[in-house]
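The structure under discussion appears below in the form of structure tokens.
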Amino acid sequence: MLQFTNDNKSFTTDDSSIEIQEVLKNLNLDSKKNIAAKLNGELFDLSRVVNFGGAVEPVTADTEEGLEILRHSTAHLMAQAIENLYPGTHFGIGPAIKDGFYYDVDLNGAALTEEDLPKIESEMRKLSGKAEKITREDLSKEAALEFFKARNDPYKTELINEIDAPTVSIYKQGDYADLCRGPHVPDTSKIHNFKLLSLAGAYWRGNEKNKMLTRIYGTAFATPDELKNYLKRMEEAKLRDHRKLGRDLDLFSLHEEGPGFPFFHPKGMAIMNTLIDFWRREHIKRGYQEIKTPQILDRELWLKSGHWDHYRDNMYFTEIDEKPFAVKPMNCPGGILVYKTQLRSYRELPMRMAELGLVHRHERSGVLHGLMRVRCFTQDDAHIYCEPSQIRDEVIKIMDLDKYVYNDVFGFKYSVELSTRPENSMGSEEQWNAAENALREALESTNTPYHVNAGDGAFYGPKIDFHLEDCIGRTWQCGTIQLDFQLPERFEMTYIGEDGKEHRPVMLHRTILGSLERFLGILIEHYAGAFPYWIAPVQIKIIPVSNDHMQYAKELFDNFINAGLRVEVDYREEKLGRKIRDAQLQKIPYMLVIGDKELENKNISVRERSKGDLGSMSLDDFKNLLSQEFNPIH
RNA sequence: GCCGGCGUGGCUCAGUGGUAGAGCAGCGCACUCGUAAUGCGCAGGUCAACGGUUCAAAUCCGUUCGCCGGCUCCA
């Protein structure tokens, strides 16, 4: 006797070969919208025979789980279409991902281009129109291997060999068959609202030593409107691309003469400098001191630090007086030399030394991306030297600063990851365990949710990484906290303890913004170029109505400049509408219109970029208005 | 680095074998203007670079560089 329930409804049957869709029917849960079902929380195909009972519910494409199934099935449909159009294609993997799905295919040397995508799409629509049943079969591993060997599918057989279970499942629709855990929609007619998006190369199993396959990205949604909205969102995201806005707003530029080395224009620097002002004030408040160390240092230093062994491939080298030197890829070794200039006391610890260090790292040409991924960047670095017992509190203090900066000041969502010991690392197992535990303890004592990234730590120690989410939902690593027992050892760093004896300090490496360049890129996209007043490169644009008002405009300009504000005057002999439009396009927070009326009353007419005309007011009232603006520097 | 695509004035883009085009921006002139584009005129390009095919190359082929979308790697 099987019993199925849904809320307060229930259904019992003796039929141990019943399909879930029959169960749903008997519970009056049948619907054309159903694409799968959940039984005791586990997902099943609608046609799956179940010989056990439990809580059952239908799954539709408008839920997160349903959408994932739909997308996975769309990937299969695409593979089926490709097999029809390009016989002999071998298939890799084809999962659902965040905003859609992809399939990695091996076209036997044939190359696809973007123009081929509509052709594949229309084949998919044709197959969808046939409403072919999607069926599941459970096979022993041996039988499955036979099956895919017979189909000459090397990638699938490789996958089967690695599956650690006696049986595997395959899904079929028409002549197409795929190794797959499922579940899937019941037939291909459920798949309507999809679009193939782009092509890319992808190594088989993500390993660059393997063959490169062709990856086809696509997406699918429950309704046409959702698909349309998604595509529109992507278009809008393109409009806030920091590379486009960086040019339009005259913030920075990139040149062939320096691939990966960005050039900052006056307006980009205005933002950078405001960011740095903010950063300095906040660090002074929190007990940091600031240092600056050289760009190029003797190779011996990098041999000693371990960078030569572990980081050489990312470093630039040069020669001075026939002696080998390296351009610094990190600030730590230089900072340690500063620490070692004096005999240190336990009374000085924890010692927090910050450095806005410009580091150079050789990145492979294909990974460069605007300001987000460059070959030279300014780290808002700091090294904290402390006693082991102080680690936890110091980590908590850094996480507090992270929260303040990311959340309170910039309004970002962020997530936290703990990365543990990688291959090719320095130091002993015990040291690594102690270090990892210290970080874990700090996370847990503050109830911080985090993911573990096994094997992703730095070569000298484990780390906590902070990932910000940008407008397209991409995440970027900014802050990091890295615990290091290795460098203090290698550099024989010491402090004199309360007991009068020498002790070895522990070292924390940390950044908050990460890279100022990347952080600026993220800010541009986050605000779509409309920077908040406090950080806007031009805060106020003064717009004289005609030549008669230039003199008054200049007086106002001087007044604002003396008050430390970033202000410009539009001296062009253009119509007012034109000057307003241009200031709007530059996304300047405040526009001050100066004409006869203002000249006469010695006041100003204020326009705010999103609220529009605020009317006339006195200079004092306007300054009062400005003082109400969010400003973490004042 | 790898796979695919792309490279035409400052920007956005036309131009597929026969003497390089448009709009915007720039400059000049006129208009002196009240909350998102005034009009007219002028100037600006060895078509990424190098090599090849051809009577003739922006256009076809090759190499290099750079950029874009991914993979791998990372702040």
Side-chain angles (χ1 to χ4, degrees), chain A residues 102 104 107 111-116 197-217 238 241 243-244 247-248 250 253-260 311 313-314 329-330 357 359 361-381 419 456 458 463 465-468 476-480 482 509-519 521-522 543-550 573-586 591-598 605-609 612-616:
Chain A
Y102 66 80
D104 286 345
L107 292 141
L112 282 182
T113 71
E114 305 260 343
E115 281 96 71
D116 296 318
L197 299 171
S198 61
L199 289 171
Y203 299 110
W204 168 236
R205 319 206 73 179
N207 185 331
E208 65 182 315
K209 294 199 176 73
N210 290 342
K211 182 167 183 183
M212 183 158 271
L213 308 179
T214 303
R215 175 169 296 181
I216 306 163
Y217 284 96
K238 250 189 236 164
D241 189 309
R243 292 164 299 186
K244 176 180 162 46
R247 194 171 45 233
D248 292 350
D250 197 15
S253 55
L254 296 158
H255 302 268
E256 283 201 21
E257 290 83 348
Y311 209 70
D313 290 348
N314 284 301
M330 294 187 196
V359 296
R361 298 181 181 178
H362 180 74
E363 300 291 347
R364 294 154 100 182
S365 61
V367 307
L368 302 177
H369 180 94
L371 295 181
M372 303 298 201
R373 190 72 185 273
V374 293
R375 284 179 172 153
C376 111
F377 59 95
T378 313
Q379 279 188 313
D380 68 319
D381 212 348
S419 296
D456 239 10
K463 55 178 186 168
D465 289 327
F466 296 79
H467 295 254
L468 299 192
W476 293 100
Q477 184 174 332
C478 289
T480 181
Q482 310 181 346
H509 309 240
R510 53 108 278 195
T511 64
I512 305 291
L513 307 175
S515 140
L516 294 191
E517 289 75 2
R518 173 180 289 184
F519 200 77
I522 296 168
I543 303 178
V545 173
S546 78
N547 279 346
D548 298 340
H549 317 110
M550 300 291 189
E573 293 184 10
E574 284 291 348
K575 297 235 157 104
L576 178 62
R578 176 53 179 274
K579 296 185 199 178
I580 299 248
R581 177 183 156 80
D582 288 345
Q584 283 285 154
L585 291 174
Q586 287 294 302
M591 289 151 265
L592 305 184
V593 177
I594 306 302
D596 285 340
K597 278 184 283 179
E598 288 71 26
S605 171
V606 179
R607 180 186 166 97
E608 201 272 346
R609 70 181 159 201
D613 193 352
L614 301 183
S616 292

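Scope of the values below: all heavy atoms of this structure, side chains included, with no hydrogens, waters or symmetry mates. Letters A, B, ... mirror the listed sequences (proteins, then strands); counts begin at 1.
Remark: R607(A) engages I580(A), Q584(A), M591(A) in a side-chain contact (heavy atoms from CB on, under 4.5 Å) (not counting sequence neighbours). In this structure, the side-chain contact (heavy atoms from CB on, under 4.5 Å) partners of L614(A), at least two apart in sequence or on a different chain, are V606(A), E608(A), K611(A), M617(A), L625(A). Residues forming a ring-ring contact (aromatic ring centres under 6.0 Å, His included) with F377(A) (at least two apart in sequence, or on another chain): none. Among residues two or more places apart in sequence or in another chain, the side-chain hydrogen bond (donor to acceptor under 3.5 Å, both in side chains) test is passed with R364(A) by E208(A). For E573(A), the side-chain hydrogen bond (donor to acceptor under 3.5 Å, both in side chains) partners two or more places apart in sequence, or in a different chain, are N547(A). Residues passing the side-chain contact (heavy atoms from CB on, under 4.5 Å) test with N314(A), sequence neighbours excluded: Y311(A). Listed by chain and number, the residues in a side-chain hydrogen bond (donor to acceptor under 3.5 Å, both in side chains) with R609(A) amount to none (sequence neighbours excluded). Y102(A) meets the ring-ring contact (aromatic ring centres under 6.0 Å, His included) test with Y217(A); sequence neighbours excluded. Among residues two or more places apart in sequence or in another chain, the side-chain hydrogen bond (donor to acceptor under 3.5 Å, both in side chains) test is passed with S515(A) by E517(A).
With a 3.5 Å ceiling on both atom-pair distances, rA14(B) lacks any Watson-Crick or G-U wobble partner. Pairing of rC2(B), defined by two Watson-Crick or G-U wobble distances under 3.5 Å, is identified with rG70(B). The partner of rG34(B) cannot be assigned: no Watson-Crick or G-U wobble pair with both contacts below 3.5 Å exists in any strand. Using N1 to N3 plus N6-O4 or O6-N4 for Watson-Crick, or N1-O2 and O6-N3 for G-U wobble, each under 3.5 Å, rG39(B) pairs with rC29(B). If you check rG62(B) for Watson-Crick or wobble pairing at under 3.5 angstrom, you find it paired to rC50(B). Nucleotide rG45(B) forms no Watson-Crick or G-U wobble pair with any nucleotide shown, as no partner meets the under 3.5 Å limit on both distances.
Nucleotides rC40(B) and rG23(B), compared at atom P, are 11 Å apart to the nearest Å. rG52(B) sits 16 Å from rG17(B) when the C1' atoms are compared, rounded to a whole Å. For the P atoms, the distance from rA43(B) to rA49(B) is 24 Å, rounded to whole Å. A gap of 10 Å separates the P atoms of rA14(B) and rU8(B), to the nearest Å. Across rU19(B) and rG51(B), the matching P atoms stand 24 Å from one another, rounded to whole Å. As rounded to the nearest Å, rG39(B) and rC24(B) have P atoms that lie 9 Å from one another. Of the P atoms belonging to rC2(B) and rA75(B), the separation is 23 Å, rounded to the nearest Å. Here, rU16(B) and rA58(B) have their C1' atoms 9 Å apart, quoted to the whole Å.
In this structure, K597(A) atom NZ and rC33(B) atom P are separated by 13 Å, rounded to whole Å. In this structure, the CD atom of E574(A) is 15 Å from the P atom of rA36(B), given to the nearest Å. In this structure, the CG atom of D241(A) is 14 Å from the P atom of rC67(B), given to the nearest Å. Spacing between atom CH2 of W204(A) and atom C1' of rG70(B) amounts to 18 Å, rounded to whole angstrom units. Atoms CE (M591(A)) and C1' (rU35(B)) sit 9 Å apart, rounded to a whole Å.
Both S365(A) and V545(A) sit near RNA chain B, but only S365(A) has its closest nucleotide nearer the 5' end.
Looking at heavy-atom distances under 4.0 Å, Y217(A) makes contact with sugar-phosphate atoms alone, never a base. If you check every strand for non-hydrogen atoms under 4.0 Å, G577(A) touches sugar and phosphate atoms only. At the heavy-atom level, E598(A) lies under 4.0 Å from base atoms of the strands shown. The residue K579(A) sits apart from the nucleic acid: no heavy atom pair falls under 4.0 Å.
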Listed pairs, N/O of protein and of nucleotides 4-14 of chain B, under 3.5 Å:
from    : atom 1 : to      : atom 2 : distance (Å)
rU12(B) : OP1    : R247(A) : NH2    : 3.0

Please list, for nucleotides 73-75 of chain B, all pairs of protein and nucleotide N/O atoms separated by less than 3.5 Å.
from    : atom 1 : to      : atom 2 : distance (Å)
rC73(B) : O2     : R373(A) : NH1    : 3.1
rC73(B) : O2     : R373(A) : NH2    : 2.2
rC73(B) : N3     : R373(A) : NH1    : 2.8
rC74(B) : O2     : R518(A) : NH2    : 3.4
rA75(B) : OP2    : K463(A) : NZ     : 3.2
rA75(B) : O3'    : Q477(A) : O      : 3.0
rA75(B) : O3'    : Q477(A) : NE2    : 2.9
rA75(B) : O2'    : Q477(A) : O      : 2.7
rA75(B) : O2'    : R518(A) : NH1    : 3.4
rA75(B) : N6     : E363(A) : OE2    : 3.3
rA75(B) : N6     : V374(A) : O      : 2.7
rA75(B) : N1     : V374(A) : N      : 3.3

Are there any protein N/O atoms within less than 3.5 Å of an N/O atom in nucleotides 23-29 of chain B, and if so, which ones and at what distance?
from    : atom 1 : to      : atom 2 : distance (Å)
rA25(B) : OP1    : R578(A) : NH2    : 2.3

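The side chain of V593(A) has rU35(B) as its nearest neighbour among rG69(B), rU32(B), rU35(B). The side chain of L576(A) lies closest to rC33(B) when the candidates are rC67(B), rC33(B), rG69(B).
In this structure a side-chain-to-backbone donor-acceptor pair under 3.5 Å is present from T511(A) to C478(A). Under the 3.5 Å distance criterion, the side-chain polar atoms of H362(A) are left unmatched by any main-chain donor or acceptor of R375(A). D104(A) places no side-chain N or O within 3.5 Å of a backbone atom of L213(A) that could act as its donor or acceptor partner.
When all heavy atoms of K244(A) and K238(A) are compared, the closest pair comes out as CD-O, 4.3 Å.
In this structure, CG in L368(A) is found 8.0 Å from CZ in R373(A), a value given to the nearest 0.5 Å.
Within the 4.0 Å cut-off from OP1 or OP2 of rC67(B), not a single side-chain nitrogen or oxygen of H255(A) is found.
If you check distances only, the side chain of Y203(A) does reach the base of rG1(B) with a donor-acceptor pair under 3.5 Å.
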